[in-house]
Every structure is written in C-alpha cells, then in structure tokens.
Amino acid sequence: MEIDIFTLFPQAFAWFETQRHVANLIARGHRLGYVNYRDHTPLTAGQVDDTPFGGGAGMVLRVDVVESSLRARYGVDPVDLRSERRVLALTAGGRLLDDELVDELAGEPALTILSGRYEGFDERVLEHFAGDRVSIGRYVLAGGELAAMVLCDAVLRKLPGALGDERSVVEESFSKALRGAPEYPHYTRPAEYRGWRVPDVLLSGHHERVAQWRQAQSRSRERAGPLP
Ligand code: 6GU
C-alpha cells in the first residue's frame, strides 16, 4: 500500500514510523510519503491559512494551498484525483472510523490523507477534493496528525506481514469473527496471582471448550456494554 499524508507537520510522524508493525511493512515495500502544504503554497511567506469569511475564531486551511499541494504530488487536477485513488479528509465531523471502515481502507492500493490544523479546511476542499471525510471520535483535536496516525495504525496492522502472527487480526475486538463484539479476556502466567485465578477452562488444554468459552465471553461483554 502507498499512503500519502498531507500535513503541516510531517516531522510528527517520525516516531510513528519506528513502530514495529509500520517498520515491518516499509521493509516489505509498502510506502508512507509526506507532503508539507507549506512547501507548495502559491502565497508569499509560506502562508497556508486565512481568517474565516463571516468572522469568527481561528484560521482556515486555504483551498488554493491544498490544490497546489495535490497537483505538485500527482500532477492532475485534484477534482479528478478522487476517482483514481481514495482521498480522505480528516475532520471531527466526518464518518466515524470503525473496524468496518478500517477493513475497507486496508483493501485499497493507495490512500491520500489530508490532515488539517486550525479550525479545519475551507469547505471547498471537502466538497471537491476529498472522497471521504473521516473522524476518529466525537471530540475535537487541535490537528489531524494524531488522527492520521490512528487511522494508519489501524489500517496498516491489518496488512499481511505487519504483525508477528496473522491470527492477531482475525479474532479481535469488533471483528467479523466475533460478529462485531468486543474481544474475550486474555490471561498469561502466573496462573494464580494474589489469589486471582485464571479461569480453569483456559488451563484445561481442551481447545473446543476454550473456543466456546471465548465466544461466550465475547457475547456477554457485548450485552454488558463498554467496560467502565
Ligand atoms: Cl479526524 N480531526 C480533528 N481535528 N479532530 C478530530 C478528528 C479529526 N477526529 C476526531 N476529532
């Protein structure tokens, strides 16, 4: 997969690339690229944002700056880009990122991620350049960089070769294998700690019973709702 991240803070992603699963994928030929809007602004003094028409707080990322950044990277009119590749704009009010959307994105050959700052994008960026608007939750972040890392983390770990064991992504919270339910509990050694015992079934070596117990735990967690 090829992911391009448009951002004012490409340096924010240095740590992200050191994550084991991300490094594994880069070693396998997947690619993460960055475009800094500031390197492509047609305006003087590196200006990328402006005050909102109609007044109000904050600054808005300009549509002409986003266009020239996209043109510099792809050499086409950004209006036509979204029919060629998935272009996502990160914005608090967008479609909520969940396991289903993550799976969908993990199936794409290439992603373009537009990260904003300040009060967000000029609406024309969202209308004419972005194919999807994506949000990582119903709260507001100061910028899209953390959201971009959350999205890339969730998508990249689904790709073959990211994790040590491919089974990790099959039966996990919210996956199809658990019919969208939360994951069952895990335990490791010691089998007893301060009197807190690991459930006997997990020590039984009986794979069928373990599988049944796990499915039942997953379903009852779903009925109970989120843990406090
Ligand atoms: Cl994608 N961006 C910003 N700025 N805030 C958010 C978000 C994205 N998702 C949730 N809050």
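Order of listing sets the numbers, starting from 1, for every ligand and every atom in it. All values reported here derive from a predicted model rather than from experimental measurement. We use all heavy atoms of the structure for the numbers below, so side chains are in, but hydrogens, waters and symmetry mates are not.
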Hey, quick one: are Leu156 and Leu105 part of the same hydrophobic cluster, counting side-chain heavy atoms closer than 4.5 Å, chains of contacts allowed?
yes
Give me each pair satisfying salt bridge (Lys or Arg N to Asp or Glu O under 4.0 Å) with a member in residues 29-46, each pair once, sequence neighbours excluded.
Glu2-Arg31, Asp4-Arg31
CZ of Arg62 to CD of Gln47, rounded to nearest 0.5 Å, is 5.5 Å
Under 3.5 Å, which donor-acceptor pairs do the side chains of residues 14-28 form with other protein atoms, sequence neighbours left out?
residue: Glu17; atom: OE2; partner: Tyr34; partner atom: OH; Å: 2.6
residue: Thr18; atom: OG1; partner: Trp15; partner atom: O; Å: 2.5
residue: Asn24; atom: ND2; partner: Ala162; partner atom: O; Å: 3.0

Residues Asp98, Arg95; criterion salt bridge (charged side-chain N to carboxylate O under 4.0 Å, His left out); working and verdict
CA-CA 9 Å; Asp98 59 9; Arg95 172 178 170 191; 5.0 Å; no
Go ahead and list the nitrogen or oxygen contacts between ligand 1 and the protein that come in under 3.5 Å, distances to 0.1 Å, or just say none.
residue: ligand 1; atom: 4 (N); partner: Leu141; partner atom: O; Å: 3.1
residue: ligand 1; atom: 5 (N); partner: Leu141; partner atom: N; Å: 3.0
residue: ligand 1; atom: 9 (N); partner: Ser135; partner atom: OG; Å: 3.3
residue: ligand 1; atom: 9 (N); partner: Ile136; partner atom: N; Å: 3.0
residue: ligand 1; atom: 11 (N); partner: Tyr139; partner atom: O; Å: 2.5

All side chain to side chain contact (heavy atoms under 4.5 Å, CB included) counterparts of Ala12, not counting sequence neighbours:
Phe9, Glu145, Met149
